[in-house]
Structures are given as C-alpha cells and as structure tokens.
Amino acid sequence: MDNKMSFGQWLLTIFLLCIPCVNYVLLIVWAVGDGGGYTARKTFSQAYLIVSIAIFVLSFIFGIVAGMLGATAVGSTMLFFL
C-alpha cells in the first residue's frame, strides 16, 4: 500500500468528521487503531482529539470562572438594593 491518502480520501474523512457523535467515535477508532491503514489519518486523529479535549477543558474552566464572577456580581448588586 502507498500509505498516502488521496484528495478524495481526505474529503471523505472530513465529511465523516462533520457528522455529530460519529466524528468522535471515528476519531477514537482511528487514533487508537491503525488509522484505517493510513499513518496520516492516525496522526491527524490523535492531534484532533488532543486539541478537542484542551478546548473542552478550557471552556469548562472559563464557564466556572464566568459563573462565579456572575454570581458575585449579582450578589453584590442585591446588597446595593437592600
């Protein structure tokens, strides 16, 4: 096997990653397995999963901080009106 992905194979890969829920299942299968026989797909899947997890963790932390700041702002505003 040539182990190089053609333009059509990349388009199919990107199309499959646009389907909700299916995308993460495929990413995990490709990242843990042999990438469907392609090293580039395996490496891409690993990198995509790492970036996705990092964005999720940062978003979660940002949401917690924003919620705490919002609760503090509402609490101090309520004291102002009392």
Side-chain angles (χ1 to χ4, degrees):
M1 180 178 271
D2 190 7
N3 204 17
K4 289 187 178 182
M5 292 180 61
S6 68
F7 182 76
Q9 289 167 324
W10 275 114
L11 282 178
L12 179 63
T13 299
I14 292 169
F15 174 74
L16 290 173
L17 293 179
C18 290
I19 303 171
C21 298
V22 173
N23 56 358
Y24 285 105
V25 172
L26 284 176
L27 284 171
I28 291 169
V29 168
W30 290 334
V32 176
D34 66 344
Y38 299 104
T39 308
R41 185 182 283 161
K42 179 179 175 104
T43 306
F44 174 77
S45 300
Q46 292 169 344
Y48 196 95
L49 282 172
I50 290 170
V51 169
S52 296
I53 291 169
I55 289 172
F56 176 78
V57 168
L58 290 174
S59 299
F60 186 77
I61 292 171
F62 178 75
I64 296 275
V65 170
M68 290 170 53
L69 290 174
T72 303
V74 169
S76 64
T77 306
M78 294 302 281
L79 290 176
F80 178 73
F81 288 114
L82 291 176

Of all pairs that satisfy ring-ring contact (aromatic ring centres under 6.0 Å, His included), the ones with a partner from residues 5-29, not counting sequence neighbours: Trp10-Phe44

Membership question, hydrophobic clusters at under 4.5 Å side-chain separation (ILVMFWY): are [Y] and [X] in the same one?
{"X": "Val29", "Y": "Ile50", "answer": "no"}
{"X": "Val32", "Y": "Tyr48", "answer": "yes"}
{"X": "Ile19", "Y": "Ile14", "answer": "no"}
{"X": "Phe62", "Y": "Ile53", "answer": "no"}

Closest heavy-atom pair and its distance - Arg41, Met5: NH2-CE, 3.4 Å

Residue of the set Leu58, Val57, Val51 for which side-chain contact (heavy atoms from CB on, under 4.5 Å) holds with Ile55: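 Option passing the side-chain contact (heavy atoms from CB on, under 4.5 Å) with Ile55: Val51.
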
Identified side-chain contact (heavy atoms from CB on, under 4.5 Å) partner of Leu16 from the options Val25, Leu26, Leu27, Asn23: Leu26

Sub-4.5 Å side-chain heavy-atom contact between Thr13 and Trp30: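 Counting from C-beta outward, Thr13 and Trp30 do come under 4.5 Å.
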
For Thr43, all residues meeting side chain to side chain donor-acceptor pair (under 3.5 Å), sequence neighbours excluded: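 Per chain and number, Thr43 pairs via side chain to side chain donor-acceptor pair (under 3.5 Å) with no residue.
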
